[in-house]
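This report refers to the structure that appears directly beneath it.
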Amino acid sequence: MITSDIDGSFDYKLLIVFCFLIITIPILGLLLAILFYKKTTSQAFFVVYAFYFGYMVDAYADLGVHYNNFLQFVNNPIEKAWSLPFTDYLGEDPYHKIVKIVISQFSSSSRFFAGVCCSIYAFIVICFIKQYDFIFQRKMEKLHFLVFLLLLCVVEYYWYLGLRYWTGVFFFMTFYSKYILTNKKNFLLISCLAVLFHKMHFIIIMMLLLDIILTNRDKLRYVLVFLSFGLRQMSSFFVQKTYEIGFIQDIMGSKFNSYTNAVENIEDSKTEMLRNEGNIVYQTRSDLLFGFFLFIMFLLWRKNKQLTTSYHRFYTFILSSFIVVNLGYVNIVLYERIYKFFILCCFSYLFLLLNEKKNKWINKNMYVLTITSVITLYMFIIPIVQMRKYLFDISIWFSSFIIISPL
């Protein structure tokens with residue numbers, strides 16, 4: 001009989017079942033892992049299943065471009081491949097280069113490459129989620145559980161295809177969460193290593209520095225929040241000039257400057273086109289999540305005026321992040337990334353707050369529960385519809401390592 005393992009230990013009976021299912025019927029193993037998601041064994045299976053999923057979907061989109069670069073590591077000496085212009089174009093940071101070097105020692109298959117990248121991403125995501133296992137290992141109220149699901153789907157699963165940026169975000173969130181929960185500054189320092197995944201994570205470090213500078217200056221912090229939001233709504237001149245500051249250009253480097261050419265012209269055609277003609281349902285996804293976060297925070301604050309004193313450092317970091325998010329509005333690529341990172345922080349914070357006894361009253365509010373249920377369902381449906389071309393391929397779900405081509 002499979003039993004609960006609140007202490008996080010492995011269930012070896014379940015492990016044997018998973019080993020059999022990943023080879024024969026992976027989809028059944030996935031369903032079983034979801035059913036017993038609290039078990040460490042199931043969480044380990046998610047990583048293994050991610051390899052299978054990535055293997056079946058293959059390398060496409062951004063990951064396909066990285067695979068083309070990966071072949072340079074297969075066909076050339078490491079030193080040469082490392083310094084190729086194409087390699088640096090995809091990122092001067094070392095993470096993607098190291099990953100490609102390691103994978104190239106085992107196989108040159110595009111499916112194997114995609115599977116490993118997907119499993120690395122899944123592993124780091126689970127490491128992040130496990131920082132909160134002291135909450136989800138216990139029985140959660142329905143509303144708290146729905147917020148947990150929203151936390152899981154703030155960043156859509158398919159962003160593993162980018163290889164670098166979101167993997168680095170979850171690396172940062174893993175150790176920043178450790179810092180928030182333990183107050184040990186060594187974890188904060190480790191979180192800054194996210195810049196090794198993607199150079200744009202210097203922006204997150206800027207958020208941290210801003211948060212530190214504004215320590216014990218809460219009034220100034222709120223003034224900057226409202227000022228940055230006003231600048232976002234009324235004028236982009238100040239934001240545009242921010243990117244022209246010398247030390248910011250030095251930090252970001254020439255590649256970042258070329259990557260963010262959109263900020264050189266407020267009326268950049270790509271940004272304007274995407275905002276005016278893009279999929280409005282998807283574009284408003286993060287706004288809806290942020291609006292829901294503010295709604296729940298307001299309800300909690302009405303009955304608990306000391307709400308933000310819990311995990312206060314996390315709260316101030318969120319405010320500081322929002323300042324930077326507003327300044328990045330002129331570039332849709334930059335903005336969507338840091339805005340989604342900001343939303344991830346918001347829901348991590350909310351998940352912690354709902355674990356406080358003085359906030360548990362909200363779980364009994366059926367009106368709030370109904371709204372949360374609808375939003376959660378909506379957030380799950382959107383990425384499924386977006387990727388329907390691949391997800392509706394039966395071979396992804398009903399194949400196995402027995403019948404697919406060899407690695």
Side-chain angles (χ1 to χ4, degrees), residues 47 50-51 54 59 61-70 72-73 78 81-84 86-104 113-131 154-179 186-209 251-260 317 321 324-325 328 331 333-345 348:
V47 177
F51 175 84
D62 288 350
L63 197 60
V65 178
H66 277 286
Y67 174 71
N68 291 333
N69 176 238
F70 163 75
Q72 300 298 319
F73 287 85
I78 293 176
W82 185 284
S83 58
L84 286 172
F86 182 39
T87 302
D88 286 336
Y89 173 77
L90 292 178
E92 297 175 1
D93 30 84
Y95 167 71
H96 77 100
K97 300 178 182 180
I98 294 173
V99 167
K100 291 167 185 173
I101 290 171
V102 173
I103 299 176
S104 67
F113 175 77
V116 173
C117 292
C118 187
S119 61
I120 292 174
Y121 177 81
F123 173 75
I124 295 180
V125 170
I126 289 174
C127 286
F128 159 63
I129 295 299
K130 281 188 71 65
Q131 305 312 308
V154 167
V155 179
E156 301 91 334
Y157 65 92
Y158 54 74
W159 282 115
Y160 77 90
L161 293 167
L163 184 61
R164 302 158 54 224
Y165 186 82
W166 290 107
T167 308
V169 163
F170 282 110
F171 175 88
F172 171 84
M173 288 300 296
T174 297
F175 289 97
Y176 187 75
S177 298
K178 281 182 176 288
Y179 163 68
N186 58 314
F187 290 129
L188 182 62
L189 293 175
I190 295 173
S191 69
C192 294
L193 294 177
V195 296
L196 300 178
F197 289 78
H198 200 296
K199 205 169 185 178
M200 198 180 286
H201 292 323
F202 272 113
I203 295 176
I204 297 179
I205 295 180
M206 292 172 63
M207 294 174 178
L208 287 174
L209 291 175
I251 289 175
M252 298 309 171
S254 58
K255 181 180 182 298
F256 180 83
N257 293 330
S258 63
Y259 182 71
T260 56
F317 176 67
S321 301
V324 179
V325 167
N331 183 335
V333 176
L334 171 65
Y335 175 74
E336 286 186 348
R337 285 181 171 182
I338 59 177
Y339 188 27
K340 192 169 294 187
F341 164 75
F342 166 74
I343 299 297
L344 181 64
C345 291
S348 301

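Residue numbers run from 1 in the order of the sequence given. Here the structure is a predicted model, which is why all the values come from computation and not from measurement.
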With sequence neighbours excluded, residues passing ring-ring contact (aromatic ring centres under 6.0 Å, His included) with [X]:
| X | answer |
| --- | --- |
| Tyr176 | Phe172, Tyr179, Phe314, Phe317 |
| Phe123 | none |
| Phe187 | none |

Check the pair His201, Met207 against side chain to side chain contact (heavy atoms under 4.5 Å, CB included), reporting the backbone distance first and the verdict last.
CA-CA 10 Å; His201 292 323; Met207 294 174 178; over 6 Å; no

How far does [atom1] of [X] sit from [atom2] of [Y], to the nearest 0.5 angstrom?
| X | Y | atom1 | atom2 | result |
| --- | --- | --- | --- | --- |
| Tyr67 | Cys117 | OH | SG | 11.5 Å |
| Trp166 | Ile124 | CH2 | CD1 | 14.0 Å |
| Asn186 | Leu188 | CG | CG | 9.0 Å |
| Trp159 | Arg164 | CH2 | CZ | 13.0 Å |
| Tyr339 | Ile343 | OH | CD1 | 4.5 Å |
| Arg337 | Ile203 | CZ | CD1 | 9.5 Å |

Could you check, using the six-membered ring where one of them is a Trp, whether Tyr165 and Phe197 have ring centers closer than 6.0 angstrom?
no

Run the numbers on Thr167 and Tyr160 for side chain to side chain contact (heavy atoms under 4.5 Å, CB included), then give the verdict.
CA-CA 7 Å; Thr167 308; Tyr160 77 90; 6.0 Å; no

Treating Thr87 as the side-chain partner and Ala81 as the backbone partner, does any N or O pair qualify as donor plus acceptor under 3.5 Å?
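Yes: the side chain of Thr87 pairs with the backbone of Ala81.
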
Measure across [X] and [Y] and return the closest heavy-atom pair with its distance rounded to 0.1 Å.
| X | Y | value |
| --- | --- | --- |
| Gly328 | Leu334 | CA-CD2, 4.2 Å |
| Ala194 | Gly168 | CB-O, 3.6 Å |
| Gly54 | Ala114 | O-CB, 3.3 Å |

Any side-chain heavy-atom pair of [X] and [Y] under 4.5 Å:
| X | Y | answer |
| --- | --- | --- |
| Ile205 | Phe202 | yes |
| Asp62 | Leu163 | no |
| Val155 | Val169 | no |
| Thr174 | Lys130 | no |
| Val65 | Phe86 | yes |
| Asp93 | Leu196 | no |
| Val125 | Met173 | no |
| Lys100 | His66 | yes |

Applying ring pair (Phe, Tyr, Trp, His ring centres under 6.0 Å) between Phe113 and each of Phe73, Phe51, Phe70, report the one that passes.
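Exactly one pass, corresponding to Phe70.
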
Of the options Asp88, Ile78, Leu90, which is the one that meets Lys97 in a side-chain contact (heavy atoms from CB on, under 4.5 Å)?
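So, applying the side-chain contact (heavy atoms from CB on, under 4.5 Å) to Lys97 and each of Asp88, Ile78, Leu90, only Asp88 qualifies.
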
